[in-house]
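Worksheet: one structure, shown below.
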There are 2 protein chains.
Amino acid sequence: MTAAKHDVFQAIADPTRREVIRLLSKKELPISEISAHFPISRTAVAKHLRVLSEANLVKGQKVGREKIYRLQPEPLGEVKQWLSYYEQFWNNKLSILKHVVEKEDDNEESIKMIKTDKQ
Amino acid sequence: MTAAKHDVFQAIADPTRREVIRLLSKKELPISEISAHFPISRTAVAKHLRVLSEANLVKGQKVGREKIYRLQPEPLGEVKQWLSYYEQFWNNKLSILKHVVEKEDDNEESIKMIKTDKQ
DNA sequence: TAGACACGAAACCAAAAGGTGTTATATAAT
DNA sequence: ATTATATAACACCTTTTGGTTTCGTGTCTA
């Protein structure tokens, strides 16, 4: 089920939908709270949520009279996989590492773990 | 001025355009050769190329009567950066590191470079 | 039991997307 | 010089997108 009409690439193409994703990454929210963050109508937001839902990026659950949406980030893996092929062409893998390393407290540990894993 | 009308997220949303990107990643090509790979008209392909061009994912250069397009993968970095924020929510960061590390020969060095950089 | 609230569904609309085909122009080849 | 080629530039068509309003239904709460 969960229709295949929209794929993840299309789903993330819209800035509003990316912002919805960002909001939901912080915490699950009902539609009305989500739409409070946008200048557009609740109905319009609901439509974006349907697109996200069709791409399985989001899942809504009815709770009382509300419908709570939460992020399901797994489909982003497809994008990542697609991207990974092109990394060889602009070769800034260092910046990826840098990003991760600079943002983490336990990065030394992570790196060690992998290195150990390799032996 | 390489118009800002289309961003990279929109550009990669279309399967045809992703396929064009794939083709150009192998080797630069004139429009007619690109469109030979698709069931649609050359004009339609040219439009896709214009979208890609506006997103700076592709650059065309006139050579004689042909216009040769080549891939410019740098803007994909924006997608990658966007994605990197969400990696924490699914595939734990280790898989990123793992991917990079396993694919590189000089990874030890890379990692050292960064670590050194931090001190 | 009445409202008020949260949502879904439907009808509608304008603009953009993704196509088409035709015509014009510069370059290459004969 | 003529003709064929590669593409640009239009004009046009149809479907999708992103938005709106309105109305109906279920669910809390005073």
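In what follows, chains carry the letters A, B, and so on, assigned in the order in which the sequence lines appear, proteins first and then strands, with residues in each chain numbered from 1.
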**Request:** Taking atom types as modelled, find out whether Ser25(A) and Tyr85(B) have a side-chain donor-acceptor pair closer than 3.5 angstrom.
**Result:**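 Short answer, yes.
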
Counting any heavy atom closer than 4.0 Å, what does [X] reach on the DNA or RNA strands: base, sugar-phosphate only, or nothing?
X        : value
Arg17(A) : sugar-phosphate
Ser32(A) : sugar-phosphate
Glu33(B) : nothing

**Item:** Distance test, side-chain N/O of Lys62(A) to OP1/OP2 of dC7(C), below 4.0 Å
**Value:**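 For Lys62(A), the contact criterion (side-chain N or O under 4.0 Å from OP1 or OP2 of dC7(C)) is not met.
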
**Under 4.0 angstrom between His48(B) side-chain N/O and dA17(C) OP1 or OP2** =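 No.
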
**Prompt:** Under 4.0 Å between a Lys/Arg side-chain N and an Asp/Glu carboxylate O for Lys47(B) and Asp14(B)?
**Reply:**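 Looking at Lys47(B) and Asp14(B), the cut-off is not met.
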
**Message:** Between Arg50(A) and Glu54(A), does any NZ, NE, NH1 or NH2 come within less than 4.0 Å of an OD or OE carboxylate oxygen?
**Reply:**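 Here Glu54(A) pairs with Arg50(A) in a salt bridge, since their nearest N and O are under 4.0 Å apart.
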
**Span of DNA chain D, from the first to the last nucleotide whose atoms fall under 4.0 Å of chain B heavy atoms** =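 Listed 5' to 3', the contact boundaries are dA4(D) to dC10(D).
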
**Contact summary for Ile31(B) and Arg42(B), nearest pair of heavy atoms** =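 Taking Ile31(B) first and Arg42(B) second, the nearest heavy atoms are CG2-CG, 3.7 Å.
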
**Asked** What is the minimum heavy-atom distance between Arg17(A) and Ala11(A), and which atoms define it?
**Response**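 Heavy-atom minimum between the residues: NE-O, 2.8 Å.
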
Can you name the atoms? Protein N/O to nucleotides 28-30 of chain C N/O, anything below 3.5 Å, with the distance.
unit_1	atom_1	unit_2	atom_2	d
dA28(C)	O4'	Arg65(B)	NH1	3.4

